[in-house]
Amino acid sequence: MVDWTSDNDDSDKFEWESDGEAEPSSAPAFRNLDAAGPSTLDSNGWANEEAPPTSLVEGYVLMGFPKEMVLKGIKEIGNTEINQFHFIVFLCLCPPVLTRLLLSGHSDANALLELLLTYKTLGDDAAVGNCSTSGCFPQSVEDDDDFDFENWDGDDDADGREPNPDSSGDEDFLREMSEKDNKIKSLVDMGFREDEANMAITRCGMDAALSVLVDSVYASQAAGDCHYGNLSDYEVTGSWGGRKRARLMEESKKKRKRYGGAAQRRPLDGSHEEPMPLPNPMVGFNLPNDRLRSVTRRLPQQAIGPPFFYYENVALAPKGVWATISRFLYDIEPEFVDSKHLCAAARKRGYIHNLPIENRFPLLPLPPKTIFEAFPHYKKWWPSWDPRRQLNCLQTSMSSAKLTERIQCALASSGNPPPKSVQKYVMDECRKWNLVWVGKNKVAHLEPDEVEYLLGFPRDHTRGVGKTERFKSLGNSFQVDTVAYHLSVLKDMYPNGVNVLSLFTGIGGGEVALHRLGIHMRAVVSVEIGEVNRRILRGWWDQTQTGTLIEIADVKSLTDDRIATFVRRFGGFDLVIGGSPCNNLAGSNRHHRDGLEGEQSALFYHYFRIVDAVKSAMGRM
DNA sequence: CTCATTATGAGGAAACTG
DNA sequence: CAGTTTCCTCATAATGAG
């Protein structure tokens, strides 16, 4: 056994090997990178990489059907009652389809044929009567128009359903379909039945947010349509509402009233459209060595564990997002903390958790809170007109070398001190890109090990992968000191260690925090989509831990059944921790800041689903 | 193809001004 | 109080080099 409180203590210190110029040659920092130990398989023996298709259309394409054909098929069947079975039957009963597949040089045509024939047999036995009324069979193809598979170019809009003149009908259709597929799939993944999901979309419209759809399903259940599993518990909690909430919380346009101070409480009962106000200063419920601002809180009854859970995301999300997140996570008030109060870099984040907030303690040694304390050697070239003493948020990408050059030119061709206009230009860029002064008139971005240090990770934690990847992974991570401060209350509660379910693990900020707190992890089940991140976590784990680590790639594949299996195997989880993707919420995303319904950020609903599944599985223990 | 580099504002809230 | 300015943001797509 290892002494959990004292190993690897050099991770606390950041030591400069030289003047910072030296870039040590990359040595493999991890052991057993590719050695897939027995613990990389779960108890069912499933491999880690398996992932279900994300949509019906995609699914068939993955199965080897040409996309155009899939689209056409779905169109013919009708897009309101898409059913995997119908579609397979449709394809089976179209000999031209089979012919085309077999002639198309598909790499696995025989296997495909076998699959189709299998389904065909099933279809003959069971389902013909089932769909004979819907006109979903090839007849409908033929009496519609002369559907010629051989000359089909995939751009056939002759069915007249699409009045779209610009011949992008298929694209629109595809987009619409996959959007609907995704929503249905998300709802099904959350434990709803497919017909419930379909009904909700019909009621609320294609554009309804997922949260609205969920509400709609619950409302319909509460109205007595049906009861469905343990989720019906929520029908009686007032804030979930037994009534329809067919509005987008994100669309609240009400002028909001500001207030200062974190101590004030506000009803989160959804009876108003007031967005979630951010505290100023953003210090959370309390800070180390600052008992003055400490507050007490009372958790809603349904929020109380087990398990404890800890959720994180960006504080400055689009309007209404945090109200929605909070509503799903048992109406717990978020704790908004800017990590600039604990380290030298800002990081405004919201945390929703059901941990006690009394008797927290920080990691020691306390991290430096200013740039000069963290990196003394930058003082030498720091101009007096740069007033920064802390860094802005550490992001996922770094500035270009061209920018350093432009700034150098601008400064070289002006006096000392430079005119205000030049100062403003330089300061704007420095603040935007977190640049530091490394020479005369010379600024540069931080290095990966500096970011590791600021975020509270051991040095070289992300070493061994590309520099770009390191910045990306670190930029997406926790600030360890901040999270550890919140998790510190677990130490006395679990002297024998904890079992952790870690979602969206990334490079393992939560795990590092627990380790640095001296909390033993008996078992960690980690879900992380990024292969690089899984490797980083595995490397760190093998170096520092003796417990069991199970890595899973896709959160969607962590079904309620598998969760129940893990709960039985480990005797329950003590902590469910994770921050769901922020890239559709973050302000720096120019292209797809789509809010909580964005492609990645919508995975929040899986966080909710999984916490709830753990809750109910542990309730049955 | 992969990997690294570079250019690319919107959106929201706080601070400021009159 | 309304209008304006300032500030900040767990990013993505196009391009280029190998």
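A quick note: this is a predicted structure, and the numbers were derived from the prediction, not measured. Order of the sequence lines fixes the chain letters, A, B, ..., with proteins taken first and strands second; residue numbering starts at 1 for each chain. Both backbone and side-chain heavy atoms feed into the values below; hydrogens, waters and symmetry mates do not.
- Salt-bridge annotation for A:E551 and A:R538: present, with a side-chain N of the basic residue lying under 4.0 Å from a carboxylate O of the acidic one.
- A close approach under 4.0 Å does not occur between any side-chain nitrogen or oxygen of A:N589 and OP1 or OP2 of B:dA10.
- Using a 4.0 Å heavy-atom criterion, one finds that A:E469 contacts no nucleic acid atom at all.
- Counting any heavy atom pair closer than 4.0 Å across all strands shown, A:R431 reaches sugar-phosphate atoms only and no base atom.
- Residue contacts for A:S580: at a heavy-atom cut-off of 4.0 Å it reaches a base atom on one of the strands shown.
- Whole-Å rounding puts the A:W433 CH2 to B:dT5 P distance at 13 Å.
- As judged by a 4.0 angstrom heavy-atom cut-off over every strand, A:S400 is placed among residues touching the sugar-phosphate backbone only.
- Rounded to the nearest Å, the gap between the C1' atom of B:dT8 and that of C:dT9 is 15 Å.
- Atom CH2 of A:W322 and atom C1' of B:dG12 are 16 Å apart (whole Å).
- One atom, CG of A:N584, and another, P of C:dT12, lie 7 Å apart when rounded to the nearest Å.
- For the pairing with A:F309, the ring-ring contact (aromatic ring centres under 6.0 Å, His included) check across A:F608, A:Y351, A:F573, A:Y330 returns one residue only, A:Y330.
- You'll find that the side chain of A:A346 is closest to C:dT9, out of C:dC10, B:dT6, C:dT9.
- Listed candidates were B:dG11, B:dT6, C:dC10. Nearest to the side chain of A:R593 is B:dG11.
- Below the 3.5 angstrom threshold, one finds a donor paired with an acceptor across the side chain of A:R590 and the base of B:dT8.
- Candidate nucleotides B:dA4, C:dT12, B:dA15 were compared by shortest atom distance to the side chain of A:N280, and B:dA15 ranks first.
- Within the nucleic acid shown, A:C393 comes within 4.0 Å of sugar-phosphate atoms alone, with no base atom in reach, counting heavy atoms only.
- Atom NZ of A:K424 and atom P of C:dT5 are 12 Å apart (whole Å).
- Donor-acceptor pairing under 3.5 Å is recorded for the side chains of A:N286 and A:R360.
- Of the candidate nucleotides C:dC10, B:dT8, B:dA7, C:dC10 has the atom lying nearest to any side-chain atom of A:S588.
- Ranked by how close their nearest DNA chain B nucleotide is to the 5' end, A:S399 and A:K432 are led by A:S399.
- Searching all strands for a Watson-Crick or G-U wobble partner of C:dT6 with both distances below 3.5 Å returns B:dA13.
- Across B:dA4, C:dC7, C:dT9, the shortest atom-to-atom separation from the side chain of A:D428 is found for C:dC7.
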Are A:F457 and A:V480 close enough, and set up right, to give a side-chain contact (heavy atoms from CB on, under 4.5 Å), and what steps lead you there?
-> CA-CA 7 Å; A:F457 285 92; A:V480 171; 3.8 Å; yes
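- Rounded to whole Å, the distance from NE2 on A:H445 to P on B:dA4 is 12 Å.
- Checking the phosphate oxygens (OP1, OP2) of C:dA13, a side-chain nitrogen or oxygen of A:H592 falls inside 4.0 Å.
- Between B:dG9 and C:dC7, the two C1' atoms lie 14 Å apart (nearest whole Å).
- Salt bridge annotation for A:K369-A:E373: absent, with no cationic side-chain nitrogen under 4.0 angstrom from a carboxylate oxygen.
- Under 4.0 angstrom from either OP1 or OP2 of C:dC10 there lies no side-chain N or O belonging to A:N313.
- Checked for salt-bridge contact, A:R609 and A:D612 miss the test: no charged N lies under 4.0 Å from a carboxylate O.
- A straight line from CZ of A:F457 to P of C:dC10 spans 16 Å, rounded to a whole angstrom.
- A salt bridge between A:K467 and A:E447 is present, with a side-chain N of the basic residue lying under 4.0 Å from a carboxylate O of the acidic one.
- The distance from atom CG of A:D594 to atom C1' of B:dA10 is 13 Å, rounded to the nearest whole Å.
- Mapping A:G466 and A:A317 onto DNA chain B by nearest heavy atom places A:G466 at the nucleotide closer to the 5' end.
- With rounding to whole Å, A:Q395 atom CD is found 8 Å from C:dC8 atom C1'.
- Contact annotation: A:R349 reaches the phosphate of C:dC10 (side-chain N/O to OP1 or OP2, under 4.0 Å).
- At a threshold of 4.0 angstrom between heavy atoms, the contacts of A:R406 are confined to the sugar-phosphate backbone, with no base atom among them.
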